[in-house]
Amino acid sequence: QVQLVESGGGLVQAGGSLRLSCAVSGRTLSSFAMGWFRQLPGKEREFAAAISWNGGRTRYADSVKGRFSISRDNAKNTVYLQMNSLKPEDTAVYYCNAGTTDLGPWYNYWGQGTQVTVSS
């Protein structure tokens, strides 16, 4: 009965910033590691960022490292993805998901996703 709802996407100029949110219900957020994934147009869904259950460790795909930052607020059952220095190549639907650890395995609790479009 876990439900994930992503929000915060939109249209932004290259070099700009967006902050995505993932609200979790059905289970306490502290029970899981959390991750952000994205699906580029015409591509398969790919890993972007992950954070351990206690926030002690984060990891990022090389494509977003240094520009994106994942964080969590377990008291609010919410995970965030701060995206800076956005590039047109970041245009994608962004999803969050829960997992056993920040290295996986990941569950199948995908939400609707939120669209991020970066213009030149």
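Throughout, numbering of the chain's residues begins at 1 and tracks the sequence.
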Item to check | V93 and T114, any side-chain heavy atoms less than 4.5 Å apart | outcome: no
Item to check | Atom pair CZ/OG of R19 and S69 - distance to nearest 0.5 Å | outcome: 10.5 Å
Checklist entry - So which heavy atom on W36 is nearest to which on S21, and how close? => result CH2-O, 3.6 Å
Next on the checklist: Determine whether V64 and R38 satisfy the following criterion, side chain to side chain contact (heavy atoms under 4.5 Å, CB included), listing intermediate values before the conclusion.
Outcome noted: CA-CA 11 Å; V64 308; R38 66 185 189 179; 3.7 Å; yes
Checklist entry - Between L18 and V118, does a side chain to side chain contact (heavy atoms under 4.5 Å, CB included) hold up when you go through it step by step? => result CA-CA 10 Å; L18 284 174; V118 184; over 6 Å; no
Next on the checklist: Test of understanding: clusters of I, L, V, M, F, W, Y form through side-chain heavy atoms closer than 4.5 Å, transitively. Do M83 and Y60 belong to the same one?
Outcome noted: yes
Checklist outcome for this item: Heavy-atom closest pair (R67 atom, L86 atom, distance to 0.1 Å) is NH1-CA, 3.9 Å
Checklist outcome for this item: On a heavy-atom basis, the closest approach of D90 and S85 is OD2-O, 4.5 Å
Next on the checklist: To the closest 0.5 Å, what do you measure between CD (Q82) and CD1 (I70)?
Outcome noted: 12.0 Å
Checklist entry - Under a single-linkage definition using a 4.5 Å side-chain heavy-atom cutoff for Ile, Leu, Val, Met, Phe, Trp and Tyr, are Y109 and L20 assigned to the same hydrophobic cluster? => result yes
Next on the checklist: Using a 3.5 Å distance criterion without hydrogens, assess whether the side chain of E46 forms a donor-acceptor pair with backbone atoms of F37.
Outcome noted: no
Checklist entry - What class does the angle between the rings of F68 and Y94 fall in, given that below 30° is parallel, 30 to 60° is tilted and above 60° is perpendicular? => result tilted
Checklist entry - Rounded to the nearest 0.5 Å, how far does CG of N74 lie from CZ of F32? => result 11.5 Å
Checklist entry - Which residues satisfy the side-chain hydrogen bond (donor to acceptor under 3.5 Å, both in side chains) test with S25, sequence neighbours excluded? => result none
Item to check | Approximate separation, where rounding is to 0.5 Å, of M34 CE and L81 CG | outcome: 11.5 Å
Checklist entry - Is the number of heavy atoms from other residues, nucleotides or ligands within 6.0 Å of CD (Q115) greater than 12? => result yes
Checklist entry - What heavy-atom pair brings W106 and G35 nearest, and what distance separates the two atoms? => result CZ3-N, 3.4 Å
Item to check | Nearest-0.5 Å distance that lies between atom SG in C22 and atom CD in E6 | outcome: 5.5 Å
Checklist entry - Is it true that atom CH2 of W53 has more than 12 heavy atoms of other residues, nucleotides or ligands lying nearer than 6.0 Å? => result no
Item to check | Counterpart residues, side-chain hydrogen bond (donor to acceptor under 3.5 Å, both in side chains), relative to T91 (two or more places apart) | outcome: none
Item to check | Row check, Y95 ring normal vs R45 NZ/CZ: under 6.0 Å, within 45° | outcome: yes
Checklist entry - Are any of the side-chain heavy atoms of D73 and V79 separated by less than 4.5 Å? => result no
Checklist entry - Stepwise, does the side chain to side chain donor-acceptor pair (under 3.5 Å) test hold for S17 with N84? => result CA-CA 4 Å; S17 298; N84 299 322; 2.9 Å; yes
Next on the checklist: Starting from V24, can I reach V5 by hopping between I/L/V/M/F/W/Y residues whose side chains sit under 4.5 Å apart?
Outcome noted: no
Checklist entry - side chain to side chain contact (heavy atoms under 4.5 Å, CB included) between V12 and T117: does it pass, once the steps are laid out? => result CA-CA 6 Å; V12 65; T117 302; over 6 Å; no
Item to check | Verdict with reasoning, D102 to T58, per side chain to side chain contact (heavy atoms under 4.5 Å, CB included) | outcome: CA-CA 7 Å; D102 55 299; T58 59; over 6 Å; no
Item to check | Nearest atoms (heavy-atom pairs only) where E44 meets Q39 | outcome: C-CG, 4.2 Å
Checklist outcome for this item: Rounded to the nearest 0.5 angstrom, the CG-CD distance for N77 and Q3 is 12.0 Å
Item to check | Salt bridge D62-K65, side-chain N to carboxylate O under 4.0 Å | outcome: yes
Checklist entry - Which heavy atom of G55 sits nearest a heavy atom of R72, and at what distance? => result N-CD, 4.1 Å
Item to check | CA sep, side-chain torsions, deciding dist, call: T100, Y107, side chain to side chain donor-acceptor pair (under 3.5 Å) | outcome: CA-CA 8 Å; T100 303; Y107 300 108; 3.1 Å; yes
